[in-house]
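These numbers come from a predicted model, not from an experiment.
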Amino acid sequence: MKKIQLYLVSVPMGNYDDITLRAINILKNANFIICEEYKEAKKLLHHLQIEGKELVSLNEHNEYKTAEDVIEKVLTSENVALISDCGTPVFNDPGFILVEAALKQDIELIPVPGANSLLPALIASGFKPDRFFYYGWFSPKTEIRQSEMKRLKNMNELIVIYETPYRLKAILTDIKSTFGGSAKIVVAYELTTENEHFFRGAVSDILNKVEKDGIKGNFVLLLDNRKR
């Protein structure tokens with residue numbers, strides 16, 4: 001008896017050309033696709049000329065409530081694909097609750113690698129990427145976030161941080177306050193899009209530019225806290 005398969009499919013972040021041939025074939029042949037938001041999934045599928053595919057939404061607002069229902073639907077299929085709005089699903093995106101539920105039902109998980117923001121930011125940062133500490137997201141609450149940064153200050157590591165577009169200025173301000181204005185950072189901004197840019201230098205200088213130009217957008221931030 002063929003095992004039920006759930007494909008965790010990486011999709012492009014900004015440039016649709018970054019999708020792999022394997023990902024396209026899996027999406028074409030999936031019984032249905034679990035997506036984050038219908039709008040983004042439909043745009044991608046239309047670009048790939050995959051029409052009429054059934055979509056099921058699983059996002060941060062409904063994941064806990066609907067994951068078990070989605071698994072019941074997966075159990076009646078053979079090949080199902082999970083995608084996020086952009087990049088690699090599950091990693092900093094909804095899907096982990098679904099993955100846990102799938103494993104309990106002995107559903108085979110098959111990762112399909114592709115676009116993500118972490119590795120492109122690392123390799124083009126100019127920082128030596130042989131070892132790093134991935135922190136991810138800070139708390140949106142100012143006091144908690146500042147406490148988190150104070151703990152990170154003791155780490156002798158290259159630190160990788162994710163954040164939402166509208167908190168770039170606040171994050172840079174807190175880094176300047178905690179690590180000092182001369183702390184070396186890179187902001188990998190709007191990766192794979194026409195606006196892609198790497199801001200490299202002291203946090204004070206980059207903060208000044210962000211404030212002056214009103215820069216706001218998706219980014220990955222790298223903080224080199226390694227002792228020289």
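Note that K209 lies outside the cation-pi zone of F199, set by a 6.0 Å cut-off to the ring centre and a 45° limit from the axis.
The side-chain heavy atoms of E157 and R131, taken from C-beta on, include a pair separated by under 4.5 Å. By the 4.5 Å heavy-atom criterion applied to side chains, I34 and V74 are counted as neighbours. Contact check for I185 versus L172: side-chain heavy atoms found under the 4.5 Å cut-off. A 4.5 Å side-chain heavy-atom check between I83 and Y7 finds every atom pair outside the cut-off. Within the 4.5 Å cutoff, no side-chain heavy atoms of I26 are placed close to those of N79. Side-chain contact check for V56 versus L58: every heavy-atom pair is 4.5 Å or farther apart. Counting heavy atoms from C-beta on, the side chains of N31 and E78 come closer than 4.5 Å.
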Can you give the donor-acceptor pairs under 3.5 Å from side chains of residues 35-44 to other protein atoms, not counting sequence neighbours?
from : atom 1 : to  : atom 2 : distance (Å)
E36  : OE1    : D85 : N      : 2.9
Y38  : OH     : S57 : N      : 3.4

Distance-only donor-acceptor pairs under 3.5 Å for side chains of residues 107-120, two or more places apart:
from : atom 1 : to   : atom 2 : distance (Å)
E108 : OE1    : Q5   : NE2    : 3.3
N116 : OD1    : L118 : N      : 3.1
N116 : OD1    : L119 : N      : 3.0
S117 : OG     : Y162 : OH     : 2.8

Start with the C-alpha gap between Q146 and S177, add the side-chain angles, then the distance that decides, and say whether side chain to side chain contact (heavy atoms under 4.5 Å, CB included) holds. CA-CA 9 Å; Q146 291 172 347; S177 175; over 6 Å; no
Run the side chain to side chain contact (heavy atoms under 4.5 Å, CB included) check on F133 and L152 step by step: do they pass? CA-CA 10 Å; F133 176 77; L152 288 179; 3.8 Å; yes
For R145 and E163: C-alpha separation, side-chain torsions, deciding distance, then whether salt bridge (Lys or Arg N to Asp or Glu O under 4.0 Å) applies. CA-CA 12 Å; R145 181 174 67 242; E163 252 305 342; 5.5 Å; no
How far apart are the C-alpha atoms of N218 and T193, what are their side-chain angles, what is the distance that settles it, and do they pass the side chain to side chain contact (heavy atoms under 4.5 Å, CB included) test? CA-CA 10 Å; N218 294 310; T193 73; over 6 Å; no
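Checked by atom type and distance alone, the side chain of D18 never pairs as donor or acceptor with a backbone atom of P12 at under 3.5 Å. With hydrogens and angles disregarded, no donor-acceptor distance shorter than 3.5 Å links the side chain of Q105 to the backbone of I71. Proximity of a side-chain donor or acceptor of N62 to a complementary backbone N or O of N59 within less than 3.5 Å is detected. One N or O on the side chain of T173 and one on the backbone of K169 form a donor-acceptor pair closer than 3.5 Å. Of the possible donor and acceptor atoms, one in the side chain of T20 sits under 3.5 Å from a partner among the backbone N and O of A23. Between the side chain of K53 and the backbone N or O of A30 there is at least one donor-acceptor pair closer than 3.5 Å. No donor-acceptor pair closer than 3.5 Å links the side chain of D93 to the backbone N or O of P89. In this structure, S125 contributes its side chain and L122 its backbone to a donor-acceptor pair below 3.5 Å.
For the atom pair CE (M149) and CG (D174), the distance works out to 4.5 Å, reported to the nearest 0.5 Å. To the nearest 0.5 Å, atom CZ of residue F179 and atom NZ of residue K184 are 15.0 Å apart. To the nearest 0.5 Å, atoms OG (S77) and CD (E72) are separated by 11.5 Å. Distance check, rounded to the nearest 0.5 Å: OG of S84 to CG of L8 gives 10.5 Å. Distance CD1/I161 to CD/E148: 10.0 Å, rounded to 0.5 Å. One distance of note links CG of L45 with CD1 of I50; it measures 5.5 Å at 0.5 Å rounding.
F138 and V160 fall into different hydrophobic clusters, where Ile, Leu, Val, Met, Phe, Trp and Tyr side chains are chained together by heavy-atom contacts under 4.5 Å. Both Y135 and F219 sit in one connected hydrophobic cluster of ILVMFWY residues. Membership requires side-chain heavy atoms under 4.5 Å apart, directly or through other members. Under the 4.5 Å side-chain heavy-atom criterion for ILVMFWY residues, no single connected hydrophobic cluster contains both L98 and L55. Both I19 and I33 are members of a single hydrophobic cluster when ILVMFWY side chains are connected at heavy-atom separations under 4.5 Å. In terms of hydrophobic clustering, with Ile, Leu, Val, Met, Phe, Trp and Tyr side chains grouped at heavy-atom distances under 4.5 Å, M13 and V11 are assigned to different clusters.
Between V9 and A81, the closest heavy-atom pair is CG2-CB, 4.0 Å. Looking at every heavy atom in both residues, F198 comes nearest to A124 through CZ-CB, 3.5 Å. Scanning all heavy atoms of the two residues, the minimum distance from A102 to L6 falls at CB-CD2, 4.1 Å. In terms of heavy atoms, I97 sits closest to Y64 at CD1-CE2, 3.6 Å. The two residues L222 and F127 come nearest to each other via the heavy atoms O-CE1, 3.8 Å.
Applying the ring pair (Phe, Tyr, Trp, His ring centres under 6.0 Å) test to Y16 and every residue at least two apart in sequence or in another chain returns H47.
Dense packing is recorded around CD of E51, with more than 12 heavy atoms of other residues, nucleotides or ligands lying under 6.0 Å away.
With respect to the salt-bridge test (charged N to carboxylate O, under 4.0 angstrom), the residues K3 and D106 qualify.
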